[in-house]
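The structure appears below as structure tokens.
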Amino acid sequence: MNKVNYLPLIIILTTFSSIGGFLCTFFHGEVQFWEIGIKEIVSLGLFILVLLCASLNRTMCSFLIPFVCVAFPTPLSHFFPGVYEQQGNHGVIYPFVNHVELFFLYLVLIHKGKLNCRLSPIVSFLCIGIIISFIANLITCKNMQDVGILTTGLYTIRTLVLISLVINTIHIDNRVFVKGICFSLFFLLFESYLNSKSANLSILTSGSLGSNTFGNVCGQLTCLLLFISFFCKRMGVSKKIVYPSILIGFIIVIASDTRMALLSLILVFSFVLYPRLTTKNKVLLILSVGCILFFAWGAIYSAFVNSGKYDFAAMADLARDGTNASWSSSTSSLLTRIQLWTTASNMIRNNLFSGIGFNMFDNLKNDYGFGIDVVIDPHNGYFYLLSSLGVIFGTAFIYFLYIRPWIIFRKSPDLIVRTFCIFSMGISICEFTNAGVFKFQIFSFLVFLALYSHRLYRENIWLSSSKTKKKRISC
């Protein structure tokens, strides 16, 4: 057990840094506010409804956690002040506060009577690493806009602390949590359909998660539900809820045309889920065949219907000429990623210990060789964490979010513990070509699953050791 509780120190440093950074930015005129429209008002009304449900029925908290993290509309965050950054013809506002951390703060407040105020050693280490990175980069900021954007990245500490307190304090009902995931998929399909229709988009795109992250997230939620479908009765969830949700997930992955979502889904299904099927279970066997057919159809759809993205002659030129190949609809995606990864590598090499700070990649990318004025993330979650925090703390984050779930899945014989590792395992594959962790919603959900799966794993070890001791005593 952790002997030293760093929570008071972390809270003091984070509060002082957040308020100080905001005030400095505010008095220098760098704080901006979004224009409030119908989307923001509807999102606010929905958020109030969510908070009321969490207050009136504590079991609903388990249902609402996945919904708020991955599916809740982001226009709600437009009510909060932020720092505006202009890149070419586009701009982005980094909010000082987001709705996910407010939701977890609310959960802490309504359960404060039984609050467990102790952080695990790895969470304390990560929080201290973020503070060190913040202070080191604060000294080198060129202007108040940099100070403001750097300060907005402190949401990562607040998220780590609040989710730790929630998991230490609140009983999570696994059955209700899974129902929340199913509801989130249905909501995301509805929200993305409205967004794509209103924006006249050719592919299914979420207004909150974008395109690639949207497809990746839904693909891994589908993998998680596929795994649960093997033992619905034990989880206490009806197949009438799980199976339609899986179908919805497949539809989203295919309609979003996200190649890595399709590939990661196939990999996780083939090497993690499919080996656990048995021919005796006819329903699951039929389901697995149906999945393969869906994957095959999705691959054909992506390769031939959207043939502009798969010009094999252009791809051959890219393989031959490397970064000197001509830009086209078939090569631009990969060429852009190569430039982004090169830029992130330069950031890591020049900031080995402290990194550049969370949320600073887009602001500093041109200083490290990118050279295109466009709002963009590094399109690699590993490069993003390493460039943001440096090698030591970035590697610790990679272990915490992506590697440890694989270790727990392999070590734990308990199916429920393994269930809460599936999403992180799938996202760890997607992060090679996308930076889902760059979005505060996905960062929060990955943190929650990392902490909750580890808690369940430790509880199972303790229970099994207790049973062994009881057997020895009885003998």
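We use all heavy atoms of the structure for the numbers below, so side chains are in, but hydrogens, waters and symmetry mates are not.
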> Out of curiosity, Asp146 CG to Thr25 OG1, how far, rounded to the nearest 0.5 Å?
Replying inline: 10.0 Å
>> Please find the pair of heavy atoms, one from Thr205 and one from Ser211, that lie closest to each other, and give the distance.
In response: CG2-N, 3.8 Å
> Between Phe438 and His379, is the ring centre distance below 6.0 Å?
Replying inline: no
> Do other residues, nucleotides or ligands put more than 12 heavy atoms under 6.0 Å from the CZ atom of Phe186?
Replying inline: yes
> Does the ring center of Tyr384 lie less than 6.0 Å from the ring center of Phe361?
Replying inline: no
> How many angstroms lie between CD1 in Ile251 and CD1 in Ile246, if you round to the nearest 0.5 Å?
Replying inline: 12.0 Å
Show me the donor-acceptor pairs, under 3.5 Å and distance only, between side chains in residues 396-411 and residues at least two apart or in other chains.
unit_1: Tyr402; atom_1: OH; unit_2: Glu431; atom_2: OE2; d: 2.7
unit_1: Trp406; atom_1: NE1; unit_2: Ser428; atom_2: OG; d: 3.0

> With sequence neighbours left out, what residues match Phe26 under ring pair (Phe, Tyr, Trp, His ring centres under 6.0 Å)?
Replying inline: Phe22
> Would Asn137 and Met360 count as a side chain to side chain contact (heavy atoms under 4.5 Å, CB included) if you check the C-alpha gap in whole Å, the side-chain angles of each, and the deciding distance to 0.1 Å?
Replying inline: CA-CA 10 Å; Asn137 286 286; Met360 291 297 290; over 6 Å; no
> Between Ser444 and Glu101, does any side-chain donor sit less than 3.5 Å from a side-chain acceptor?
Replying inline: no
> Roughly how far, to the nearest 0.5 Å, is CD1 of Ile228 from OG1 of Thr419?
Replying inline: 5.0 Å
>> Using ring centroids (six-membered ring only for Trp), state whether Phe445 and Phe423 fall under 6.0 Å.
In response: yes
Which pairs of donor and acceptor atoms, one on a side chain in residues 174-182, lie under 3.5 Å apart (sequence neighbours left out)?
unit_1: Asn174; atom_1: OD1; unit_2: Tyr452; atom_2: OH; d: 2.5

> Does atom OH of Tyr193 have more than 12 heavy-atom neighbours, drawn from other residues, nucleotides or ligands, at distances under 6.0 Å?
Replying inline: no
>> Let me confirm one number: the CG-SG distance from Leu160 to Cys127, rounded to the nearest 0.5 Å.
In response: 4.5 Å
